[in-house]
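A note on names: the letters A, B, ... follow the listed sequences, proteins ahead of strands, and every chain is numbered from 1. All of these numbers come straight from a predicted model, not from anything done at the bench.
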2 protein chains.
Amino acid sequence: MSLLVVGTVAFDAIETPFGKTDKIVGGAATYIGLAASNFISDINLVSVVGDDFPEKDIQHLQSRGIRTDGLQVKDGEKSFFWSGKYHLDMNTRDTLATELNVLADFDPIIPDSYQDSNFLMLGNLTPQVQMSVLDRMNSRPKLVVMDTMNFWMDNAKEDLDKVIRKVDILTINDEEARQLADEYSLVKAANKILTMGPSYLVIKKGEHGALLFHENQVFFAPALPLEEVFDPTGAGDTFAGGFIGYLAKTRDISFDNMKRAIIYGSAMASFCVEKFGTERLQALSSEDIEERVQEFIDLVQFDIVLA
Amino acid sequence: MSLLVVGTVAFDAIETPFGKTDKIVGGAATYIGLAASNFISDINLVSVVGDDFPEKDIQHLQSRGIRTDGLQVKDGEKSFFWSGKYHLDMNTRDTLATELNVLADFDPIIPDSYQDSNFLMLGNLTPQVQMSVLDRMNSRPKLVVMDTMNFWMDNAKEDLDKVIRKVDILTINDEEARQLADEYSLVKAANKILTMGPSYLVIKKGEHGALLFHENQVFFAPALPLEEVFDPTGAGDTFAGGFIGYLAKTRDISFDNMKRAIIYGSAMASFCVEKFGTERLQALSSEDIEERVQEFIDLVQFDIVLA
């Protein structure tokens with residue numbers, strides 16, 4: 001099953017209490033694509049960079065099974081750049097710089113070769129761009145997963161609502177769920193959001209795990225307690241990539257399989273934070289992943305026999 | 001197996017965004033005892049109240065299998081009183097009043113009839129009082145569980161450290177674990193705390209669940225996502241009472257059984273928050289509890305077959 005990913009491909013400059021980087025490759029679609037490439041080798045990337053984006057990094061994505069026919073390279077322009085500094089809690093962060101550059105007037109192209117993509121991941125972007133991608137698919141993919149953030153709830157609510165109405169799965173964090181539904185209880189928020197379009201809602205709670213809601217069912221997946229979080233950048237996108245990559249690999253979008261996909265997504269995210277940027281995602285074996293999933297199983301396993 | 005519980009028996013006046021109470025019966029030992037009484041009928045209470053504490057409420061505790069030979073009633077004095085107001089998040093709260101009253105010079109009495117208690121629950125109290133109870137046991141109970149709070153870390157650290165050194169299990173929340181160990185990572189904090197005396201550490205994370213650490217093992221139990229939290233007062237103590245009550249009932253203090261005890265404790269806490277004060281704990285059947293435990297099982301259950 002093939003996966004179309006639209007999102008940012010960018011440069012990040014990251015500072016933590018323990019180290020800092022200059023410009024390294026980042027962006028939601030990069031993390032999503034790299035994570036998913038551990039599960040499937042049929043990934044169609046839709047994005048835009050400037051001519052400052054190294055050819056070798058584009059080739060690297062290709063070497064991971066990520067097609068770049070839909071990756072526009074704008075001559076004379078610069079790639080999207082984000083710079084952030086994490087606090088000691090390695091969770092909250094200050095944005096030091098956001099230079100939209102080519103992202104400012106990104107108009108997504110869907111190459112013909114991408115038109116039969118079965119799964120669509122709408123990475124966090126301007127809702128208008130996410131909607132364009134949906135509109136430009138000739139037939140609706142089997143599964144559409146959407147990520148967004150509170151910035152769009154504050155600044156593009158109408159556009160956002162229109163896209164949300166058209167997707168199968170929405171992935172957001174707990175604060176965003178509360179803001180979107182205007183409810184404090186995550187259960188009430190989920191019930192509301194499940195009337196807005198999506199039939200599945202994933203609420204990402206960072207170090208506290210993730211919740212999956214569908215109809216009147218709920219599943220909770222933990223996050224692995226880690227001795228060290230080195231760089232949390234891209235963890236949420238990595239989760240999404242692992243999640244949708246696993247679904248595309250197993251070709252099963254039942255609730256039961258979504259639970260497994262959440263566990264695999266969480267496992268991928270736990271790798272992402274171990275090193276700066278995408279480094280840890282570059283060299284994972286399937287054995288690494290299976291070992292990590294076993295840790296998740298061990299973390300939550302208990303047996304209670306009820307009368 | 002019998003359980004000795006030392007802690008406060010008190011009056012609470014609680015305000016939430018949805019309602020308020022006048023003085024109702026509360027206190028850590030009340031919640032612990034009532035929760036544990038769903039599992040065992042051999043509970044020995046050590047505490048102190050004033051003569052403003054109604055005889056009928058003492059009889060009610062007795063009717064639940066809680067012996068009150070160790071509950072001192074001080075003539076001419078008033079019971080401990082706490083008043084708090086919860087914010088909209090139903091988690092953070094302002095303390096409006098804390099009147100120590102009889103608690104100010106509480107000197108715990110251990111009746112002879114209590115001396116063979118197998119399990120000891122040191123509810124959150126002045127470390128000095130917790131230590132007195134330990135010292136006044138003729139033989140060391142089979143299992144000693146201790147709760148505390150950041151207030152004692154700030155105001156009685158030396159006394160606190162002395163008690164911690166002597167217990168088997170410490171239960172605290174995540175902020176307290178970080179403060180006690182002076183570490184941000186909960187894994188690092190747990191590793192440190194497990195050198196301070198306890199061989200098991202329970203980190204309570206409220207709506208985010210609970211972690212159990214022992215040697216190099218870790219278990220994570222979720223909290224049930226709730227549509228409504230009516231009154232969170234006493235939830236942590238209820239968790240502790242369910243936890244130690246289940247251990248005392250099953251007479252098994254292995255890591256595997258502790259995991260089950262965490263689930264039962266979490267189930268009890270999920271009942272506590274449904275109504276004001278101890279009301280929900282007063283009329284639980286074992287069927288209610290088993291049904292709730294089944295919800296926990298369903299919440300986290302997934303099956304992944306690894307190669």
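- The pair A:Glu183-A:Lys192 meets the salt-bridge criterion, with a side-chain N (NZ, NE, NH1 or NH2) lying under 4.0 Å from an Asp/Glu carboxylate O.
- Highest contact tally toward chain B, considering only A:Lys205, A:Arg260, A:Glu207, is held by A:Arg260 [criterion: heavy-atom pairs under 4.5 Å].
- Minimum interatomic distance between A:Ile253 and A:Tyr200 (heavy atoms only, all atoms of both residues): O-OH, 3.6 Å.
- Of the two parts of B:Asp298, only the backbone, made up of N, CA, C and O, holds a non-hydrogen atom closer than 4.5 Å to a non-hydrogen atom of chain A.
- Partner of A:Val145 under the side chain to side chain contact (heavy atoms under 4.5 Å, CB included) criterion, chosen from A:Leu3, A:Thr171, A:Val202: A:Thr171.
- No salt bridge links A:Lys188 with B:Glu227; every basic N to acidic carboxylate O contact stays at or beyond 4.0 Å.
- Proximity to chain B is limited to the side chain of A:Ile263, based on heavy atoms less than 4.5 angstrom apart.
- With respect to A:Lys204 and A:Glu176, no salt bridge is recorded, no charged nitrogen being found less than 4.0 Å from a carboxylate O.
- Heavy-atom distances place both the backbone and the side chain of A:Phe219 under 4.5 Å from chain B.
- Heavy-atom minimum distance, B:Leu306 versus A:Tyr264: CD2-OH, 3.6 Å.
- For the options B:Glu290, B:Lys259, B:Glu287, heavy-atom pairs under 4.5 Å to chain A are most numerous at B:Glu290.
- Interface check for chain B: of the options A:Asp89, A:Ile297, A:Ile262, the most heavy-atom pairs under 4.5 Å are formed by A:Asp89.
- Interface remark: B:Gln294 contributes backbone and side-chain atoms alike to the contact with chain A (heavy atom separation under 4.5 Å).
- Chosen from A:Asn257, A:Asp256, A:Val229, A:Leu226, the residue pairing most often with chain B at heavy-atom distances under 4.5 Å is A:Leu226.
- Proximity to chain A (any heavy atom under 4.5 Å) is shown, for B:Phe220, by both the backbone and the side chain.
- When side chains are defined from C-beta on, B:Glu215 does not count as touching B:Phe255, because their heavy atoms never get closer than 4.5 Å.
- B:Leu211 touches chain A through its side chain: at least one heavy atom from C-beta onward sits under 4.5 Å away, while N, CA, C and O do not.
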